[in-house]
Structures are given as C-alpha cells and as structure tokens.
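Below is one structure, written out as structure tokens; comments come after it.
On a predicted model such as this, the values are computed, not experimentally measured, just so you know.
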Amino acid sequence: MDFLRSFLVSILAGFAILAGVVAGASVAAGPARAAETITVPLDVPALDLTNVVEPHFNVGDKLQVSSAPGPDGIVRRIEVRATRPGSSDWIVFTLKNNTDEQIDRLLVAPYFRLAGSGLINPDLGATRIVAISTSQGFAPERQASQEADVFLITLDPRTVVTFVVELQSSKLPQLLLWEPEAYKDSVNAYTLYRGIILGISGLLALFLTILFVVKGTMMFPATAAMAWSVLAYLCIDFGFWNKVFMVQAGNDQVYRAGVEVMLATTLVLFLYSYLNLNRWHVSYSHVAVATVVVLLGLLGVAVIDPTTAAGIARISLAVLAVVGAGLLAYLAAHGYDRAIMLVPTWLLLIAWLIAGGLTVSGGLVNDLVQPALAGGLVLIVMLIGFTVMQHAFAGGTVSQGAIGDMERRALAVIGSGDVIWDWDVARDAIWTSPEAEDMLGLEAGSLEGAARDWLEFIHPQDKDPFRSTLDAVVEQRRGRVSLTFRLRAADGHYRWFQLRARPVLGSDGEVVRCAGTLLDVTDAKTAEERMLHDAVHDNLTGLPNRELFLDRIASALTRTRADGTGKPSIVLIDIDRFKQVNDSLGLSVGDSMLLTVARRLARQIKPQDTLARISGDQFGVLVISEQEPERVAAFADVMRRALRAPITFGDREVFLTASIGVALYDGSGKKEDDFVKDAEIAMYHAKRLGGDRIEAFRPSLRAHSEDMLALESDLRRALEREEIKVLYQPIIRLADDTVAGFEALLRWDHPRRGRLPAGEFIPLAERTGLIIPLGLFVLERAARQLAQWQEELGSEPPIFVSVNVSSRQLIRHDLINDVKAVLSRVDIARGTLKIEITESLVMENPEYAAKVLTRIKELGASLALDDFGTGYSSLAYLQRFPFDSIKIDRQFVHGDGKERPVLLRSIVSLAHDLGMEVIAEGAESDADVHELRGLKAEYAQGFHYGQPMTTDEARKLLARKLRQAAQ
C-alpha cells in the first residue's frame with residue numbers, strides 16, 4: 001500500500017508540473033506574426049516560437065536577410081552561409097530585450113513530437129537545427145541533450161537580435177524559448193514520470209516472461225513479447241534507448257519504426273493465442289500467419305524506409321482494433337469466457353488508439369498528450385497481463401507442465417466421468433462415488449460397506465460370477481477385473497454396470513485393495529438386446545423372421561425324429577394382390593394392414609405353434625398343436641377365413657384374400673429348407689389357380705416348380721445365346737400421320753417353347769434379379785439403333801425410342817450411371833431416348849423417384865409416365881416429377897363405359913395444362929384415331945399402326961412414311 005501511495009503521489013506531482021509549464025507556455029504565446037519582433041518577458045517560463053518564425057525553404061546554401069531595427073533605428077543587412085553543403089532550409093526570427101537586465105534563454109527544438117507527426121509517412125524525429133547565426137553578439141551555444149536541439153541564447157539589455165537558423169530539413173514540429181530553470185524543472189518532472197513508467201513496464205515484461213517459463217502455452221509468450229515491445233517503445237520515446245545503445249541523438253527513426261511494427265505484430269499474436277482462434281476455424285490460423293509474415297516483413301522495410309513502415313504499422317494497429325472488436329463481439333455473443341474477459345481491456349485499447357489518432361493527426365497538440373499516451377499503453381499491457389494471469393492460475397493445483405504417470409491416470413479417471421469403485425480387501429470395505437447411488441436413486445452411503453452387503457443389490461443371476469471373480473483376483477494376486485452385472489435401483493428395476501478394476505499389491509505381495517471404475521452400460525445393453533431381437537424378429541410386426549422360423553422348424557424336426565412325437569406341419573400364407581394395395585393406397589396403409597393381418601393370425605395359433613413373417617406379404621406358421629392332416633387343413637381354413645374379414649380404412653372397406661400352402665411331415669429326412677420349400681410350392685400352386693384357396697403339397701407339384709427353375713436357368717443363359725430380341729412398335733404423330741418414334745419391346749426366342757412375350761419372363765427376371773442385365777441390354781441396343789436411324793434418315797424432328805424401366809432398375813443406384821454410360825457411347829439427339837416409368841412404380845417411393853428422374857433428365861434423356869390413370873394419388877404428385885410426356889393406358893382409349901370419353905378428355909387436358917405431350921396406347925381402329933385427333937393428342941400407338949416389328953421392318957416403315965410425306 002505504501003508503494004502504491006508513493007507511486008500515485010509521484011505521478012500526480014509530475015502531471016502538476018507538466019500542466020503548469022504547458023499552461024505558462026500557452027499564455028505566453030501571443031498572436032505575433034513571422035515578420036514581427038518578439039519581446040522576451042522576464043516572468044514567462046516558456047515562449048512558443050513555432051508559428052512566429054519566418055521560414056525560408058529551398059533557397060540555397062546562403063541566405064541574405066534584413067535585421068530588425070535596433071534601438072538606434074538602423075536596419076542591417078545579414079548574409080549567412082550554410083555550415084554544410086546542400087543546406088537550403090532556414091528560419092528567421094527576432095528577439096527583443098526591453099529590460100535593463102541580461103536575459104538568458106534556451107531555444108529548444110525536440111527531435112520527436114508525437115502530436116502532428118502524421119499517420120501515413122509520419123515524422124519519426126530527427127536533428128532539427130544545424131547552426132544559428134545572429135545579427136550581433138556571439139552565436140548561441142549548443143547544449144547537451146538526448147531529446148532536443150538546445151541552444152543557449154543571451155540577450156543584452158535593450159537589444160534587438162535577429163536569429164538566422166539553419167535547419168536539417170523543412171520539418172520543424174515545435175520551437176520553444178525556455179527560461180533555463182523552468183526547462184530544467186520540466187525535464188526533471190518528465191524524468192520522474194518516465195522513470196516510474198519505465199519501471200512498471202520493465203517489471204511487467206519481466207514478470208510475464210517468468211510466467212511464460214512456468215506456463216508453457218502460446219498465450220504467455222505472446223503476452224510477454226507484447227510487454228517487451230511496449231518497453232522498447234517507451235525506451236525510444238523517453239530517449240533511454242539512445243543512452244543504452246549509444247545511438248546518436250535524433251537518429252533513431254529505424255528503431256522507432258521497428259518497434260511500432262512489433263507492437264502490431266505482438267498484438268496479432270496475442271489475440272490469436274489468447275482467443276484460441278485455431279480451434280474455431282482453420283482459416284483464422286491462415287489469416288494470422290499471413291498477417292504476422294507481412295508485419296515481420298515491414299522490419300526489413302523499416303531499415304530502408306522507416307516512415308513507410310511506421311505508417312503501415314499505425315494503420316495496422318487501427319485495423320487490428322476494429323477486427324479484434326468484431327471477433328470479441330462474436331465470440332462473447334457465443335458465451336466464450338475469454339472473449340468476455342478481454343472486452344474491457346479492448347475498449348480501453350480502442351480509446352487509446354482514438355486518442356493516438358487525434359494526436360498524430362494534429363487534433364490534440366497539448367504537450368501532456370504524449371506522456372499520457374505512454375502511460376495509457378502501459379496500463380493496457382498491465383490489464384492484459386492481469387487477464388492472462390487469471391487463466392494462468394485458474395486451473396487449481398493442476399500444473400500445465402509435465403505431470404507424472406499417476407497424476408495423468410487420475411486426470412483421465414476424472415475426465416472420463418466414470419464412477420470410482422474401490423475395495424479395501426484387508427478391511428473388506430467397498431466404496432463407490434456418490435454418482436452410482438444417484439443413478440440408482442439410493443440414499444447416500446447405501447453402496448458402502450462389506451462385500452457381502454454389496455451383494456444384496458446385485459441381481460441374483462449375477463451374484464455368483466461377481467463373487468467368484470473377486471475371489472480369483474485375491475487368490476491369484478494378478479489379473480484384471482472386467483465384469484458386467486446388474487444393480488437394483490430404488491424402484492426395483494435393475495441397471496447394467498461394467499466393472500473394470502485391477503488389484504493393488506502390498507509389500508508382502510498380497511492384494512491389499514482392488515480399485516477401478518464402474519460404467520453405466522444400461523443403454524448399450526438395451527441396444528444390444530434390441531439388436532439381437534431385431535436380428536431374428538420382423539421390425540414391423542415383431543414376429544419371428546425367416547431365420548428364427550427355420551431354426552424352430554429344425555428344432556421341431558430334431559425332436560420329432562428323436563422321440564416320434566409332435567410331428568410339425570408348415571402353413572405358408574401369401575396375401576393375394578397385395579402389391580395393388582400398396583400401389584393404390586400407399587405403403588403406410590399397406591403396413592397398417594400387415595399389422596392387422598399379423599394380429600388376426602396370432603389369435604388363431606396356440607402357444608406351442610409359431611407364427612412368423614417370412615417376407616413382405618408372406619407369413620408362415622409352424623403347427624405342432626395339430627397332428628392329423630384333417631385338423632391341419634381345418635386350421636389352415638380358419639386362417640383363410642380370418643383374413644377374408646374386411647379391414648376398415650377410413651370410410652372404405654378393403655377385402656383381402658390369401659393363397660395358402662400346407663406341407664405335412666412325411667417322416668423323411670428333409671431339412672428345414674426343403675420342408676419350407678414344399679409349402680412354398682403348394683402356396684404358389686394355389687396362387688396360380690386364382691388365389692383364395694388352400695393347397696397341400698404333393699410330389700406332382702414339384703415337377704411344375706422344376707419347370708420354373710429350368711425356365712430361370714434358361715433365362716440366365718438367354719443373353720449369352722442371343723435369344724433375347726428387341727422389337728419396335730411404331731408411335732405415330734397424329735398431326736401428319738408420320739412415324740414419330742418406336743417403343744422398344746423384349747421378346748424371348750426360347751429354343752423349346754418358341755417366342756415368349758415379355759409378360760411370361762419379365763416377372764421371373766424381376767424375382768431373380770436378372771432384370772438388371774436385361775434392362776441394360778435393351779437400353780443400349782435401343783440407343784444404338786436410334787443413333788443409326790437418325791444418321792441414315794435425318795428426319796426432322798428426329799425420331800425417338802421409348803424404353804421401359806422396371807422397379808428393380810429404378811431403386812438400383814446404378815441406373816443413373818447406366819443411362820449416362822449409354823448416352824456417352826452413342827451420338828443421338830438430346831431428348832430422343834425416352835425412359836418410360838409406370839405410375840405405380842414412381843409412387844412406391846415418390847421422393848427418391850423424383851431425385852433419380854431429375855438426374856436422368858439432366859443427362860439428356862426424356863421421361864414418359866406410363867399407364868397414367870391406373871394408380872393412386874398421381875394427380876397430387878404429378879407436378880413434382882419432370883416428365884415430358886404422358887402415356888394414357890389402353891383402357892381409356894379402347895374401353896367400354898360411358899365415363900371413358902370424359903376421363904380421356906380430362907387426362908389430355910391435364911397433360912397439356914402441365915406442358916406435357918400425350919401418347920395414347922391402344923389405338924386399334926379409325927374411330928380411336930379420329931377421337932384422339934379431336935382431343936389434340938400428339939401421338940398414338942396401337943395395332944392400328946402396326947404390331948411390334950424387327951429392325952429391318954421398322955426401317956422399311958420409316959422409309960415408306962418419309963416418301964409419303966415428301967409426296
């Protein structure tokens with residue numbers, strides 16, 4: 001406290017002396033003009049001559065002036081030659097002594113003055129006065145000084161003396177005429193103040209350096225570097241630098257510019273390191289490094305051109321203040337503690353820079369401003385140091401330096417947040433962190449005590465493993481404990497915990513304690529059990545899935561073969577036409593119906609039976625409760641009738657039927673897969689007979705199934721054998737009856753069954769996955785043929801080819817790549833390869849379909865919506881799909897019913913309103929064509945214009961139509 005009180009008294013005294021001196025100077029400075037004679041009074045300590053001298057700039061190395069009239073009224077002519085070659089700048093002023101006493105005064109021109117020094121290319125100080133000549137008497141004598149050019153002037157009584165001053169340059173920031181004792185007092189006052197400021201700054205820099213040595217983070221060296229930069233700036237500003245490093249007075253411009261550059265550089269480093277900007281975004285690091293590199297490059301510029309370097313440094317400080325303020329505001333708004341703590345100091349820095357800006361621009365010229373700014377700079381660094389020290393000592397007893405292995409392990413346990421578990425073996429006392437009791441809702445201290453008391457909270461099934469594990473560790477005196485068990489909570493429920501511990505041996509080699517951590521793994525255990533359940537159960541219905549169903553069949557077969565009882569039977573149930581339900585009502589409604597079906601079937605089975613969901617709309621029942629074939633058949637019929645009951649959905653009722661296949665145990669050595677396959681064969685046979693019926697498996701059904709397998713095998717080799725053919729059905733432009741394009745259709749020339757239409761093998765290809773290579777085959781073959789036709793015929797507009805896409809192709813992620821690859825290999829007009837997609841297909845997943853179709857259209861293909869009007873909710877989604885044309889189903893073109901013309905006209909009008917073209921399928925007569933033309937449909941397709949034809953037939957048709965158009 002005494003030191004602080006003395007410090008404040010000294011500063012106040014220094015400011016009082018400075019204020020008095022400057023006040024006297026300001027009073028003495030009168031409104032004299034440059035050509036006037038200046039009277040020197042005895043009672044004024046300082047007289048400001050800056051604005052009352054007569055300048056003579058760029059006049060050469062000699063100057064001729066007329067002296068002021070003396071007491072005798074005589075004007076004399078004075079010629080002065082420069083003391084050094086090249087001098088051309090002079091000032092002239094006249095002093096008058098009206099007293100009868102001799103007056104001694106000191107003419108003072110400071111080397112550096114911050115006020116008015118400038119922002120760009122600032123005046124960094126220099127020697128101002130080279131020599132002084134007088135109109136009479138002896139020339140003034142230069143006095144020793146590290147801060148200014150000081151000359152002793154003696155004025156005899158009743159004399160008028162003209163002074164001719166040779167200048168170093170035209171820059172003269174200030175020229176004062178001091179009374180010697182007053183100047184001495186002023187220098188002493190500054191000396192006291194400067195000593196105090198330098199002492200505080202030096203101690204602060206030293207302390208922050210020590211702090212940097214103790215604390216190893218980047219924030220501390222950056223702060224210490226800033227403190228040393230401020231100390232260097234004060235040493236230069238106070239003239240202490242010249243004394244220490246023997247720099248000639250007035251020649252410290254390079255050092256002054258360099259230290260101003262270092263102030264900006266260290267401020268950047270401090271702001272970057274203190275705010276940890278590298279953790280917010282990597283671009284902050286790049287900007288900080290680039291800024292530091294540029295500023296350090298200014299040090300080289302300072303050697304060559306100090307004024308330029310200093311000007312850039314001063315501008316950089318202003319920019320840093322604004323950028324830093326923005327950063328602090330942003331980070332403080334996000335609750336960053338460091339930014340919030342730095343806000344007051346940064347506001348002070350901004351105020352200091354504003355005052356400094358006003359000073360260098362000449363807005364503040366008081367002699368008190370420069371030392372006050374120096375003190376403010378020290379205050380800013382002091383506040384920054386206090387802020388940094390708060391972080392240095394806010395970490396408690398944990399050091400940020402090197403720590404031991406045990407300390408590191410303790411910190412790791414604290415950081416993990418696990419519950420600490422400690423068993424004192426000698427005292428048989430277990431201790432756990434209070435967090436464990438909080439998790440279980442127990443009272444404090446409930447889990448502390450002997451191991452036998454601890455066992456009361458462990459699940460009965462986990463007590464023996466827990467006890468045996470601890471006993472083994474104590475007996476073997478080595479190993480690790482990794483045990484998962486359940487602890488009972490206050491509400492009676494159990495939570496899963498994982499104990500990981502290791503024994504601690506005493507001096508005698510015996511286990512004295514066992515310590516480790518408890519981790520609550522209830523959520524992980526629940527997720528694991530759920531995953532195990534989901535692995536063998538259906539996610540929608542919760543019923544066993546195919547894998548669990550087969551496992552239970554295998555167990556039942558094993559039991560039956562072992563003791564001859566409980567002969568199993570398999571009942572497979574497939575919902576008829578369930579895909580149409582999904583297409584018309586939506587997938588969510590379909591899932592709701594599947595849940596209803598599952599509940600109805602579950603009510604019919606007995607506890608020893610198993611109901612499972614085999615696939616999408618297939619269910620299976622393992623029947624053990626019924627042994628006789630008649631009883632099993634009756635059970636299957638109960639299932640069928642239960643499903644026939646209508647399902648109410650909103651204001652409508654939906655009726656479902658099922659095809660049911662039954663396989664009875666025949667005592668053979670069939671595996672579970674074969675057993676289920678027999679039931680599948682029977683079920684598919686029931687579906688082929690029209691559905692809504694029950695069929696029992698018999699060996700004769702296997703022959704038909706084998707035919708389907710053979711057909712599948714033949715289909716796999718059909719592409720290799722070139723048995724798959726692409727035919728083309730013409731699409732006619734109704735406006736001029738010309739061929740606008742073709743639809744590519746697949747046919748299979750089977751070696752034994754002859755030509756098969758697509759309807760006989762496409763469903764099989766979709767079930768087996770062969771639709772993917774088939775789709776790519778027809779897409780590439782049709783594109784190549786289209787390119788050949790466009791090159792040979794050159795019709796305008798160019799003809800197009802439509803290719804159908806199946807559901808398996810659309811949901812496959814490679815469809816976009818397939819289209820892109822085909823279009824890149826052939827040269828066809830953009831939009832002439834038309835991809836046809838059925839309405840029910842896009843409605844299976846509208847969001848995904850919209851994305852895929854948009855990407856395909858961007859590649860250069862066009863899109864057509866096939867079978868329009870046969871699906872559900874198509875009008876609501878139609879505007880979301882990027883279709884170019886709509887294909888109207890044949891039932892609207894060539895069908896019966898009085899509503900058909902109205903529906904057809906509405907569909908055509910809707911398509912045109914949406915900017916789409918219309919392709920009508922099923923045009924089989926002149927009446928159909930006439931009606932379509934009346935509705936202004938663009939295209940028609942049907943047997944009236946031709947059946948699917950080969951490539952050569954299509955070429956001939958094109959040529960004939962072109963000739964007819966030419967005629």
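Panel note: side chain Asp576, backbone Asp692; a donor-acceptor pair is recorded below 3.5 Å. At least one donor-acceptor pair closer than 3.5 Å links the side chain of Arg600 to the backbone N or O of Ala645. Between the side chain of Glu953 and the main chain of Thr950, a donor-acceptor pair closer than 3.5 Å is present. Without hydrogens or angle criteria, Asp928 side chain to Glu931 main chain gives no donor-acceptor distance under 3.5 Å. Judged by distance alone, the side chain of Ser909 and the main-chain N or O of Ser906 form no donor-acceptor pair under 3.5 Å.
For Arg752, the side-chain hydrogen bond (donor to acceptor under 3.5 Å, both in side chains) test picks out Asp714, with sequence neighbours left out. Contacts of Arg641 classified as side-chain hydrogen bond (donor to acceptor under 3.5 Å, both in side chains), with partners at least two apart in sequence or in another chain: Asp637. Scanning for ring pair (Phe, Tyr, Trp, His ring centres under 6.0 Å) contacts around His944 gives an empty result, with sequence neighbours left out.
In this structure, Trp789 and Phe742 have tilted ring planes: the angle between them lies in the 30° to 60° band.
You'll find the side chain of Asp678 stays beyond 4.5 Å of the side chain of Ile570, heavy atoms only. Side-chain contact check for Ile694 versus Met639: every heavy-atom pair is 4.5 Å or farther apart.
Residues Asp827 and Ala787 approach most closely at O-CB, 3.7 Å, considering heavy atoms. Taking every heavy atom of both residues into account, Gly741 and Ile799 meet most closely at CA-CB, 4.4 Å.
Considering CG of Leu601 and OG1 of Thr541, their distance stands at 10.0 Å, rounded to 0.5 Å.
Counted by atom type alone, Asp574 and Ser659 present zero donor-acceptor pairs between their side chains at under 3.5 Å.
A salt bridge links Arg955 with Asp952: the distance from a Lys NZ or Arg NE/NH1/NH2 to an Asp or Glu carboxylate oxygen falls below 4.0 Å.
With a 6.0 Å radius and a threshold of 12 heavy atoms from other residues, nucleotides or ligands, Arg644 has its CZ atom at or below the threshold.
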